[in-house]
2 protein chains.
Amino acid sequence: MPLHPASGRKRPPALRDVAELAGVSIKTVSNVVNDYPHVKDSTRETVREAILQVGYRPQAAAQQLRTGASKMITLAVPALTFSYFSDLAQQFIDEAQRRGQTVVLHSTSGGREAERTVLEGFNRVVGDGVIFNPLLIEEEVFARMEQTTQPTVFIGEHLPEKLPHGSDYVRIDNAAAAFDATTHLLESGRRRIAFLGAIATKHGLQPHSSGSLRRDGYVAALEEHGVEPDAGLVQAVDDWHRHDGFTGAQDLMARHPDLDAIVCGNDDLAIGVLAHLRRLGRRVPQDIAVIGYDDTPDAPFASPPLSTISPDKHALAATALDLLTERIQGFDGPPRIADTPYSLVIRESTDRAAGDHAPTTPSSTAPTAPTAPCLEELPR
Amino acid sequence: MPLHPASGRKRPPALRDVAELAGVSIKTVSNVVNDYPHVKDSTRETVREAILQVGYRPQAAAQQLRTGASKMITLAVPALTFSYFSDLAQQFIDEAQRRGQTVVLHSTSGGREAERTVLEGFNRVVGDGVIFNPLLIEEEVFARMEQTTQPTVFIGEHLPEKLPHGSDYVRIDNAAAAFDATTHLLESGRRRIAFLGAIATKHGLQPHSSGSLRRDGYVAALEEHGVEPDAGLVQAVDDWHRHDGFTGAQDLMARHPDLDAIVCGNDDLAIGVLAHLRRLGRRVPQDIAVIGYDDTPDAPFASPPLSTISPDKHALAATALDLLTERIQGFDGPPRIADTPYSLVIRESTDRAAGDHAPTTPSSTAPTAPTAPCLEELPR
DNA sequence: AGCCAGTTCTACAACGTTGCAATAACCTTT
DNA sequence: AAAGGTTATTGCAACGTTGTAGAACTGGCT
């Protein structure tokens, strides 16, 4: 029972222990482990046995120290309690696993300090690069950064004017998506359309947050269709949880009982909105339409099933990992920006003819879910 | 621009670089970084400046190699697309962050192979210990394991007869919780109570899965109240997603239109069930009661708000980390089993008098959610 | 001056791994 | 039987860090 010199704890088996047992050099064992071709078959066999016998497994730390690469990447998102981020995290984990990488997960829990820590490279180096979805961090903090301290890919909507050197950015064109969502409502005849989701918090308004971008798309669509935007129809919320949707709808409906549609900043908000409308006795979609954003797993099971913008999370994850990998492998060009596709998913919550047809397949993103004998339409 | 000898990539600043700039020894810099007390104030200052100037950050890998500890722990769960697991993961991340630890997240995505990989210690050592929530792994695989290859804490319900040496187990008494849930229904006068959630898949039935334990509690409660359990009222499902709840309810209601309550294996299933009942025009809770398990963030926003078993996820995470930390610090006693509390949360879906009172506060688990000016009751 | 007790700083070694270069063993071919 | 080539194996050094032990100072006391 060998002890670690510094800690006094049991030391896990190392190459040395295998080598001793197999009667070969440490390097030979290393060669076997790494499938180096020039090893005699008989030796390889002996070593393999010894490995099993002592239960050897390579120490990632030593490999990283020696090779300079850890095959680990850090993913920093606000909080897994948002279904959008837990879905997204799952995509990253799967995609990384496919590439032989391991994901270290950091949650900034929406705290500005936590985000700054991420941006400044944490307090220690762990992993080869970072994928970071900021929410709150101020633009000026970005601006001050001349360059990143390790390969970094930003995701999300918090676009700074100028990315730090050494970083890339993968986004979804939020304004365009919100434009499409709003256009869909306009084309189905809605005219009094509210927007729920501008963030006005104790922290002050976020100029580049997804809320503002989506609102811009909403406004643009109205203008394009000759509908005068009304600032009173843009409802601020404290946060983007279901709960905020509920109270937001409360405010909105009290002030504007004549609304015939609400564009929501995300699905969680929309689900809260639906809950309030149900309470008011407003029928969705007959009296009022509701559309969300994110296509969370809840959306098809909301009552009624929720129309929404469905970002291609898989493409987002894959693209971000591609860019990050290039950075890790030494690419040192200027910051790149990649746009990722999205689609408009129309379900019952915006479909006036609902209940008559609409065989919508809920798009399940769960990896193990069967391909769905599925749920056609759900009554409200 | 120093290159890494083995990879040819840029080498991040190390203690050496700081030492050179500050004109002191490497060890002195190390002492400053680690707040060793016997350092002259002036020296400390010089070194601090040099650290900032070169942008030094400690390399976790080298620390781990030297000290034998990485301050990282691995969390392996089936999939973050289940709200239960994303909530739980968030709890672990927060709690670990509070203890200065970082979480490496593995997703087994329900695959048996992936789970076996976790159990066998992955292919390389990363982090100081593992928290593992198995779903599918066979009991015999556990039984064969004499001892774990690194400190391990199991969570979840898949209790093997005998834990491997070096591991602990934190669980929630599933049978008791399901017993309580069922008793609640019985006491409010329900008699034709079905159970949805036994897993019967291509993989075969899972003897120790949470589904079976919960079913056992359900059966026990019926017996205790003199209600004859009816095997026909136990409905198997392929998986535990909302979708499966929908189709499961379909089967169940077709065969037993007279049901007056359904106990669901988890909240996602229950939400699917609610969707189907709405479609059938059954009123919940007047005609039929539905109760879930997990208290996911959706539950209070379901229509109607869902009664459920609320496991104390925070206690679960904290306990698991406590036990794991003890193992990491050298505790080598026999396997321990810890039970974690749960509570029965009664919302509208099981409350016959619903709509009249019931000022239920949705228990939001989101870290940033305000303490709720809240949603009283929601109409169905 | 000489000595001790503290404080401040440093040299060394080792953690487990792998790239490099060198050696040793083995076959061919002359 | 020696030269040349290929295959198999190995020793060395270094990645960045920190525990240990000890050296070099400082100041206060006899």
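Order of the sequence lines sets the chain letters (A, B, ...), proteins ahead of strands, with each chain counted from 1.
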What integer distance in Å separates [X]:[atom1] from [N]:[atom2]?
X	N	atom1	atom2	result
Asp17(A)	dC15(C)	CG	P	11 Å
Gln64(A)	dT18(C)	CD	P	13 Å
Arg16(A)	dC15(C)	CZ	P	5 Å
Asp35(B)	dG19(D)	CG	C1'	17 Å
Glu20(B)	dT10(C)	CD	P	14 Å
Ile51(B)	dT17(D)	CD1	C1'	14 Å
Gln59(A)	dG16(D)	CD	P	19 Å
Arg57(B)	dG16(D)	CZ	P	14 Å

Test of understanding: with side chain to side chain contact (heavy atoms under 4.5 Å, CB included), list the residues that count as partners of [X], not counting sequence neighbours.
X	answer
Pro335(A)	Leu163(A)
Ala89(B)	Leu80(A), Leu75(B), Leu80(B)
Leu21(A)	Ala50(A), Gln53(A), Val54(A)
Glu20(B)	Arg16(B)

Checklist outcome for this item: Sorted by chain and residue number, the side-chain hydrogen bond (donor to acceptor under 3.5 Å, both in side chains) partners of Thr28(B) (sequence neighbours excluded) come out as Ser25(B)
Item to check | Pair Gln91(A)-Asp87(A), side-chain donor/acceptor within less than 3.5 Å | outcome: no
Checklist entry - Taking only N and O in the side chain of Thr67(B), is any of them less than 4.0 Å away from OP1 or OP2 of dT18(D)? => result no
Item to check | Side-chain N or O of Gln63(B) closer than 4.0 Å to phosphate OP1/OP2 of dT18(D) | outcome: yes
Checklist entry - Nearest to the side chain of Ala14(A) - dC15(C), dT17(C), dT18(C)? => result dT17(C)
Next on the checklist: Using every non-hydrogen atom in the two residues, find where Phe92(B) and Leu316(B) come nearest and quote the distance to one decimal.
Outcome noted: CZ-O, 4.4 Å
Quick test: give all pairs of protein nitrogen or oxygen and nucleotides 9-13 of chain D nitrogen or oxygen below 3.5 Å, distance rounded to 0.1 Å.
unit_1  : atom_1 : unit_2   : atom_2 : d
dT9(D)  : OP1    : Thr43(A) : OG1    : 2.4
dT9(D)  : OP2    : Lys40(A) : N      : 2.8
dT10(D) : OP2    : Ser25(A) : N      : 3.0
dT10(D) : OP2    : Ser25(A) : OG     : 3.1
dT10(D) : OP2    : Thr28(A) : OG1    : 2.4

